[in-house]
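What follows is a short report on a single structure.
Here the structure is a predicted model, which is why all the values come from computation and not from measurement. Proteins get letters first, then strands, A, B, ... in listed order; numbering begins at 1 in each. Keep in mind that the numbers below use all heavy atoms, side chains included, and drop hydrogens, waters and symmetry copies.
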2 protein chains.
Amino acid sequence: MKKSAHSHAHDHAAEPLAELTSRLRQKSQRVTGPRQAILALLREHRHPMTNKEIHGALGKGDCDLATIYRSMHLLEEMGMVKRFDFGDGVARFELVTGDKHAHHHHLVCTCCADIVEIDDCFAAELEARVAAAHGFKTVTHKLEFFGVCPDCQQAGHSHDKAKRSRRKPCGC
Amino acid sequence: MKKSAHSHAHDHAAEPLAELTSRLRQKSQRVTGPRQAILALLREHRHPMTNKEIHGALGKGDCDLATIYRSMHLLEEMGMVKRFDFGDGVARFELVTGDKHAHHHHLVCTCCADIVEIDDCFAAELEARVAAAHGFKTVTHKLEFFGVCPDCQQAGHSHDKAKRSRRKPCGC
DNA sequence: CTGGTTGCAAACAATTTGCAACCCA
DNA sequence: TGGGTTGCAAATTGTTTGCAACCAG
């Protein structure tokens, strides 16, 4: 992994790490290298990453892919990361920063897979309405937008990193 | 496959079948037994079904699972069925009825997997707004709600956010 | 006849799991 | 020390694909 000066108390990673540490302790679980590395990586990358991407970014030898899967489950349960599903059959994760911006959605280019974050969520109130209308509780929602980004619109879009939907996004 | 009286012009399945027939012809493709059977089945079942469920409902010997996967891709491309992703790693499909109700969302119980359809979509205008704000085109969206249904609430089931990730909601 | 289709099996890819070695608290 | 963790490999599961037999038009 690209090691940042993570041994100093005032390290940037201190914030999420501190929370991790204390929370893990409460669950009588451990603050291990892989877990720290994953959090550190997600702090830099501000966009959702797949487990495979995380694995690659950490340096093949540093952490096993299976461990990443296990860690993401743990971190998700603890609410430290959020799972996103863009419909291509691969899970993506983002670090949950304590403050606002916590809840947001994405605008994904179906062509180049570029991702834009949409901060304002308006569906919140709907959640309540939907819940009330059908007697459901603890209602949450998933909302993502898909479209073709400016770049891809003009350039006879070269499906560079586009690979969403195990099936071709745009039929060209 | 369970062949319904599909040779009569006034057959219930006539509506979707007729459209299928004509559209397939235009694509110089064929109206086959499996395709008719799938459409007929989706007409009855008004809820999203997984390929495996469709396969089971058609009678193991009637249509191969692979054929169902291929058919769903075709039907999806033709806009006859719509694919939904509830985040559990399994695709679900619903027949697209020509009229309204065409665009709708779901409220899924994370415990018993029961599904309620939400007809009013409010995200439509947001699509336009989001598209304009970021220069994207042909913007669409996916929105689903998750929660605990009335039945499961009392039934003791406290698995609030049951793991819909990969495995069955809650194995109890 | 003939190209689109299907069944079957093998291939794939994402994710999960069993288990022995390992390490943090 | 001991139970949570990890790496490795094998197992699962959803989905796709190669190919020869088959069928709708």
*Does OP1 or OP2 of D:dT16 have a side-chain N or O of B:Y69 closer than 4.0 Å?*
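No, B:Y69 has no side-chain N/O under 4.0 Å of OP1/OP2 on D:dT16.
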*Quick one: is A:H73 getting a side-chain N or O under 4.0 Å of the C:dT16 phosphate, OP1 or OP2?*
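So the side-chain polar atoms of A:H73 do come within 4.0 Å of the phosphate oxygens OP1 or OP2 of C:dT16, strictly under.
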*Name the orientation class of the two ring planes belonging to A:H106 and A:F84 (parallel below 30°, tilted from 30 to 60°, perpendicular beyond 60°).*
perpendicular
*Mutual orientation of the aromatic rings belonging to A:H141 and A:H105 [parallel < 30°, tilted 30-60°, perpendicular > 60°]*: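 Answer is tilted, since the angle falls between 30° and 60°.
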d([atom1], [X]; [atom2], [N]) in whole Å:
X     : N      : atom1 : atom2 : result
A:D88 : C:dC12 : CG    : P     : 20 Å
A:L75 : D:dT5  : CG    : C1'   : 14 Å
B:I38 : C:dT6  : CD1   : C1'   : 11 Å
B:L65 : C:dA10 : CG    : C1'   : 14 Å
B:D62 : C:dT5  : CG    : C1'   : 16 Å
A:D85 : C:dT15 : CG    : P     : 9 Å
B:H55 : D:dT13 : NE2   : C1'   : 15 Å
B:L20 : C:dT5  : CG    : P     : 11 Å

*Would B:H45 and B:E53 count as having a side-chain donor-acceptor pair, cut-off 3.5 Å?*
no
_Residue mapping more 5' on DNA chain C - nearest nucleotide basis, B:K27 or B:A66_ =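 So the residue in question is B:K27.
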*Can we say A:E144 and A:R92 salt-bridge, meaning some charged N sits less than 4.0 Å from an Asp/Glu carboxylate O?*
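No.
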*asked:* Check this for me: B:R23, atom CZ, are more than 12 non-hydrogen atoms of other residues, nucleotides or ligands nearer than 6.0 Å?
replied: yes
*Can you see which heavy atom on A:D85 is nearest to which on B:G87, and at what distance?*
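Reported closest heavy-atom pair: OD2-CA, 3.7 Å.
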*Can you see which heavy atom on A:L39 is nearest to which on A:M80, and at what distance?*
CD1-CE, 4.4 Å
*asked:* Counting the atoms with a prime plus P, OP1 and OP2 as sugar-phosphate, which does A:R35 contact under 4.0 Å by heavy atoms, base, sugar-phosphate, or nothing?
replied: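 Sugar-phosphate: the residue A:R35, judged by heavy atoms under 4.0 Å, touches backbone atoms but no base.
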Between the protein and nucleotides 20-25 of chain D, are there any N/O to N/O pairs under 3.5 Å, and if so, what are the atom names and distances?
from   : atom 1 : to    : atom 2 : distance (Å)
D:dA24 : N3     : B:R30 : NH1    : 3.3

*Side-chain donor/acceptor of B:R70 to base of D:dG18, under 3.5 Å*: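 Result: at least one qualifying N/O pair found.
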